[in-house]
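Structure first, commentary second.
Please read these numbers as outputs of a predicted model, since none were measured by experiment. Note that these values count all heavy atoms, side chains included, but never hydrogens, waters or copies made by symmetry.
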Amino acid sequence: MRVGNTCPEGQWTVFGEAADDCGMNGTTSPTHRRSGRAFHKMRVQAQGRAHSGKKFKETCETVVVNAHGGLLMLKHEIDNGEILVLTNPETLEDQECRVVYQGEPCERGQRIGVEFLTPAPRFWGLEFGELSTLGDGDATAVH
């Protein structure tokens, strides 16, 4: 499935409310994205070191993904800059990533933004375009 970012570089991004993702309120921020983003829920396995320093392995769910990383719901508390290894259960592909964002903890966990150490546009099972429009499919572009 091909998804793309329909906003030209430099436009403002507005995230709408998502009730099942810890009440993510609408926010506005400038965006200079390297690839399109898509709301795409899938389970992945994450392993790394928790804030306590102990190793963990957990199955978590994605919220938004792109060719360079994504936003996950994670139960373990971790630090910014921490390295995680994500495993796609369908392909068994591993991908190292760095924590670049931490949302507020909530009942379902914490929103964690990760950036792949090496771009992996096919890790999520989607194809991302630079500034193309969406085709048919169940992923929704965020712009």
Counting C-beta onward and ignoring hydrogens, is there a side-chain heavy-atom pair between [X] and [Y] closer than 4.5 Å?
{"X": "N66", "Y": "V64", "value": "no"}
{"X": "I112", "Y": "L71", "value": "no"}
{"X": "E61", "Y": "L72", "value": "no"}
{"X": "M73", "Y": "R111", "value": "yes"}

Practice problem: Provide the full list of ring-ring contact (aromatic ring centres under 6.0 Å, His included) pairs with a residue in residues 97-118, sequence neighbours left out, each pair given once. | Solution: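 The answer is F116-F123, F116-W124.
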Compile the donor-acceptor pairs under 3.5 Å between side chains in residues 75-83 and protein atoms, sequence neighbours left out, one pair per line.
unit_1, atom_1, unit_2, atom_2, d
K75, NZ, E107, O, 3.3
K75, NZ, R108, O, 3.0
H76, ND1, E58, OE1, 2.5
D79, OD1, H51, ND1, 2.5

Quiz item: Rounded to the nearest 0.5 Å, how far apart are SG of C60 and CE of M42?
Solution: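 With rounding to 0.5 Å, SG (C60) is 9.5 Å from CE (M42).
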Mind listing the side-chain donor-acceptor pairs of residues 91-100 below 3.5 Å, one per line with the distance, residues two or more places apart or on another chain?
unit_1, atom_1, unit_2, atom_2, d
T91, OG1, E93, N, 3.3
D94, OD1, T87, OG1, 2.6
Q95, NE2, T118, O, 2.9

Quiz item: Which atoms form the tightest heavy-atom contact between A46 and L74, and what is the distance?
Solution: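 Shortest heavy-atom contact: CB-CD1, 4.0 Å.
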Quiz item: With distance as the sole test, does Q45 use its side chain to make a donor-acceptor pair with the main-chain N or O of T59 at under 3.5 Å?
Solution: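 Judged by distance alone, no pair lies under 3.5 Å.
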